[in-house]
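To start, the structure itself, in structure tokens.
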There are 2 protein chains.
Amino acid sequence: MARPTNTQFAVGVHLMTLLSAAPDVVQTSTGLAGSVGTNPVHVRRVLGLLRQAGLVASRPGSAGGWLVTRPPREILLADVWRAVVGEDQVLGLHEANPDCTAGQRIQRALVEVDRRAARAIEAELQATSLADLADGIDRLPAVAATA
Amino acid sequence: MARPTNTQFAVGVHLMTLLSAAPDVVQTSTGLAGSVGTNPVHVRRVLGLLRQAGLVASRPGSAGGWLVTRPPREILLADVWRAVVGEDQVLGLHEANPDCTAGQRIQRALVEVDRRAARAIEAELQATSLADLADGIDRLPAVAATA
DNA sequence: GAATTCGTCACCACAGCTGTTACAGTTGCC
DNA sequence: GGCAACTGTAACAGCTGTGGTGACGAATTC
């Protein structure tokens, strides 16, 4: 922890919020990247995960781009979390000495602790929808595309 | 997230469990490192954080080493968490485009989300003491020091 | 057919974490 | 006093995960 370098959940929430703010407008990865402060390829990487989870849809070709598939009130932060993080560890586990019986047992206990922590995060994120988060952001124009 | 590379919390819990299993025995960082599967310097780094939090005490010099300061039943995983992670981020935040008003607002909302997630983890870890975790590990001999 | 955008790969740069070495300070023992 | 054992800490190297960039094919619209 300390300073997790993976920001995909934050980027995912950011993207979902932008798309939800204009549910009927097809938005390009380049435009979205402008507001998020990153690049189109990274945006497509994260949106790809969200699409696998059914939260967004994409359309290739000219006039293509991205759309949300559900109203923001029905999208919970936990949905974004599951789409991006899945079943991955959240606390960061180490590799105990395989020759140390006690160490191995502690190790297994820590896996269980990690699982419980992940569930706690998910439960917390279950309480907030994109609509809650976006209150006050709706309909604000995104930053002008810098490209 | 995805795969947090910082394992200090896990190492901290591991160390506390080993020390708690033999509350009256002074243990050296070299011996502890053997079970944890790391090196003495790293062990001392993590134990240093735990000492700042008052969870352990150290004694330099010959016959020196480390001791817990409280019975394991009074040490919660949340204590270890606070000692090691403190107020650091847990979800991983990105840097939104500072010129994008909407982006900045989402950014602030995400900071709040992160804070709530951190509290959720802490609350979950508050439910488990080292004694709970160590049930069945107590009094097991640690791995023979490999050095 | 031209323009636009997604989808994806390959590669690079950077940041954070851990491992290692080194060395000063402290303590116990002979 | 001299030596051995340990902590405390700094400096540096190596590894790994993440994100940035460029490239290019496929799909779609006009």
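Since we're looking at a predicted model, the values are computed, not measured.
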Can you tell me the distance, in whole Å, between the [atom1] atom of [X] and the [atom2] atom of [N]?
X	N	atom1	atom2	answer
B:H94	D:dT18	NE2	C1'	14 Å
A:W66	C:dT5	CH2	C1'	10 Å
B:L47	D:dG8	CG	P	9 Å
A:E95	C:dG19	CD	P	11 Å
A:H42	C:dA10	NE2	P	19 Å
A:L49	C:dG7	CG	P	12 Å
B:L50	D:dG8	CG	P	12 Å

Just one of A:L55, A:L133, A:L130, A:V56 clears the side-chain contact (heavy atoms from CB on, under 4.5 Å) bar with A:S20, so which one?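 The single option meeting the side-chain contact (heavy atoms from CB on, under 4.5 Å) with A:S20 is A:L130.
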Which nucleotide sits closest to the side chain of [X]: [options]?
X	options	value
B:T28	D:dC6, D:dG17, C:dT8	D:dC6
A:T5	D:dG17, C:dA3, D:dT18	D:dT18
A:R45	D:dT29, C:dT20, D:dG20	D:dG20
B:N6	C:dG19, C:dT18, D:dT9	C:dT18
B:P60	C:dG7, C:dA10, C:dG25	C:dG25
A:N39	D:dT9, C:dT8, D:dT21	D:dT21
B:S58	D:dT29, D:dT7, C:dT21	D:dT7
A:R44	C:dT27, D:dG22, C:dC6	C:dC6
B:T7	C:dG28, D:dG22, C:dT18	C:dT18
A:Q8	D:dG19, D:dT7, D:dA23	D:dG19

For A:R59 and for B:P40, find the nucleotide of DNA chain D with the closest heavy atom, then tell me which residue's nucleotide is more 5'. B:P40
Has the side chain of B:T28 got a donor or acceptor atom that lies under 3.5 Å from a matching backbone atom of B:G31? yes
Quick test of your reading of the model: are B:E112 and B:R115 salt-bridged, counting only N-O distances below 4.0 Å?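 Salt bridge: yes.
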What's the spacing between B:L110 CG and B:L93 CG if we round to 0.5 Å?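 One gets 6.0 Å once the value is rounded to the nearest 0.5 Å.
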A:H42, A:R44, A:R45 screened by side-chain hydrogen bond (donor to acceptor under 3.5 Å, both in side chains) with A:S29, the one that passes: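 For A:S29, the side-chain hydrogen bond (donor to acceptor under 3.5 Å, both in side chains) check succeeds only for A:R44.
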Quick one: is B:T38 getting a side-chain N or O under 4.0 Å of the C:dG19 phosphate, OP1 or OP2? yes
